[in-house]
Trainee: 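Structure below; questions to follow.
Along the sequence shown, residues are numbered consecutively beginning with 1.
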Amino acid sequence: MLLISPDSVEEALDCAKAAEHLDIVDVKRPDEGSLGANFPWVIREIRDAVPADKPVSATVGDVPYKPGTVAQAALGAAVSGATYIKVGLYGCTTPEQAIDVMRGVVRAVKDHRPDAFVVASGYADAHRIGCVNPLALPDIARRSGSDAAMLDTAIKDGTRLFDHVPPDVCAEFVRLAHEAGLLAALAGSVKTGDLGTLTRIGTDIVGVRGAVCEGGDRKAGRIRPQLVAAFRAEMERHASEHTAAIAAAN
């Protein structure tokens with residue numbers, strides 16, 4: 001699945017124009033960090049702006065180890081119209097802390113909306129900020145009752161997912177997530193050139209912003225429908241080639 005992250009209602013309208021090419025519209029606020037939370041009214045307006053059959057995801061933020069605070073924020077995102085709730089476990093230094101936060105989120109969100117989808121998100125560059133190891137995320141997600149494990153990059157300085165977690169380690173992340181019955185999501189300055197690898201290792205959700213913004217700039221650029229369509233076309237091409245390669249091998 002392709003997850004696209006607009007940061008405004010205007011960009012969401014551009015996503016709506018390319019709705020046939022994407023699967024999830026993800027609301028975030030890059031000014032507040034990698035998984036920066038946007039305002040409840042923005043989530044509501046974006047929910048209203050995109051087709052009803054396209055789920056809206058919302059980031060809760062690069063959160064501290066404050067389980068009650070994070071649970072309230074997650075519920076706010078769900079009440080505002082998001083059905084995918086993503087939590088960046090930025091301030092959790094141990095798996096136990098991360099599980100504590102995510103259990104609160106799962107309960108708060110699913111008591112309100114049982115069909116909501118909770119994503120425990122970590123960071124490929126965890127070593128730079130001191131949070132939980134990327135490969136701990138699938139077990140954290142499983143033990144907390146979350147539905148997916150995700151990796152992104154915390155520090156947006158031009159380095160990318162594979163700069164911090166090489167493809168073989170990403171493959172292990174995906175394997176552990178699938179073994180735990182979870183979806184595996186990968187993001188972090190992903191480019192079209194990464195799609196072959198992401199397809200081969202079995203990634204379920206690819207999250208992008210910069211790759212579909214004019215100039216490739218996630219902050220200064222704006223999402224363009226034609227770039228979304230082109231990115232999706234590359235995804236489909238790699239998926240078809242991968243399927244054909246597997247069939248030929250068998």
Trainee: Are the side chain of D204 and the backbone of A184 linked by a donor-acceptor contact shorter than 3.5 Å?
Mentor: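 Present.
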Trainee: Side chain to side chain donor-acceptor pair (under 3.5 Å) with D23: which residues, sequence neighbours excluded?
Mentor: R232
Trainee: How close do S80 and I43 get, counting heavy atoms only, and between which atoms?
Mentor: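 In this case the closest contact between S80 and I43 is O-CG2, 3.6 Å.
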Trainee: Which atom names give the shortest non-hydrogen contact between E11 and P6, and what distance separates them?
Mentor: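 Closest approach of E11 to P6, heavy atoms only: OE1-CA, 3.3 Å.
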Trainee: Taking L198 as the starting point, is it possible to reach L227 by hopping between hydrophobic residues whose side chains are less than 4.5 Å apart?
Mentor: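 In one cluster with L227: L198, yes.
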Trainee: Under 4.5 Å between any side-chain heavy atoms of I46 and V25, yes or no?
Mentor: yes
Trainee: Would you indicate whether the side-chain heavy atoms of V79 and P40 approach each other to under 4.5 Å?
Mentor: no
Trainee: Do the side chains of L2 and F231 get nearer than 4.5 Å, heavy atoms only?
Mentor: yes
Trainee: Could R209 and D26 be called an ion pair, given the rule that one side-chain N must be under 4.0 Å from one carboxylate O?
Mentor: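 So R209 does not pair with D26 through a salt bridge.
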Trainee: To the nearest 0.5 Å, tell me how far Q226 CD sits from E214 CD.
Mentor: 8.5 Å
Trainee: With distance as the sole test, does K110 use its side chain to make a donor-acceptor pair with the main-chain N or O of A116 at under 3.5 Å?
Mentor: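 Looks like yes, one N/O pair under 3.5 Å.
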Trainee: Is any side-chain heavy atom of V190 less than 4.5 Å from a side-chain heavy atom of V206?
Mentor: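 Side-chain contact under 4.5 Å: yes.
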Trainee: Can you list the steps and then say if R128 with T153 is a side-chain hydrogen bond (donor to acceptor under 3.5 Å, both in side chains)?
Mentor: CA-CA 10 Å; R128 300 203 286 179; T153 49; over 6 Å; no
Trainee: Can you tell me if Q72 has over 12 outside heavy atoms packed within less than 6.0 Å of its CD?
Mentor: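 Not more than 12 within 6.0 Å, no.
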Trainee: Working to the nearest 0.5 Å, report the span between CG of L182 and CG of L176.
Mentor: 10.0 Å
Trainee: If the condition is side chain to side chain donor-acceptor pair (under 3.5 Å), which residues does E32 pass it with, not counting sequence neighbours?
Mentor: R29
Trainee: Please verify the inter-ring angle class for H164 with H127; under 30° counts as parallel, over 60° as perpendicular, anything in between as tilted.
Mentor: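 Correct class here is tilted.
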Trainee: Return the minimal non-hydrogen interatomic distance between T93 and G130, and the atom names on each side.
Mentor: CG2-O, 3.5 Å
Trainee: Spell out, yes or no, whether L3 and V56 are grouped together once hydrophobic residues are joined by side-chain heavy atoms under 4.5 Å, including indirect joins.
Mentor: no
Trainee: Look only at the side chain of D147 and the backbone of L183, and say whether a donor-acceptor pair between them is shorter than 3.5 Å.
Mentor: no
Trainee: Do the side chains of E20 and K54 get close enough for a salt bridge, i.e. N-O under 4.0 angstrom?
Mentor: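 So E20 does not pair with K54 through a salt bridge.
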Trainee: Could you grab the distance from atom CD1 of I85 to atom CG of L75, nearest 0.5 Å is fine?
Mentor: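 Reported value, rounded in 0.5 Å steps: 9.0 Å.
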Trainee: Rounded to the nearest 0.5 Å, what separates atom SG in C131 from atom CD in Q97?
Mentor: 11.0 Å
Trainee: Are L89 and V87 close enough that some pair of their side-chain heavy atoms sits under 4.5 Å apart?
Mentor: yes
Trainee: With a 6.0 Å cut-off (strictly less than), is the heavy-atom count around CZ of F117, excluding the residue itself, greater than 12?
Mentor: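 Count over threshold, so yes.
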Trainee: Determine all donor-acceptor pairs shorter than 3.5 Å in which one atom belongs to a side chain in residues 134-143; sequence neighbours excluded.
Mentor:
residue : atom : partner : partner atom : Å
D139    : OD1  : R142    : NE           : 3.3
D139    : OD1  : R142    : NH2          : 2.7

Trainee: For Y65 and D100: C-alpha separation, side-chain torsions, deciding distance, then whether side-chain hydrogen bond (donor to acceptor under 3.5 Å, both in side chains) applies.
Mentor: CA-CA 9 Å; Y65 174 54; D100 199 16; 2.7 Å; yes
Trainee: Is the shortest side-chain N to carboxylate O distance from D14 to K17 below 4.0 Å?
Mentor: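 K17 and D14: salt-bridged.
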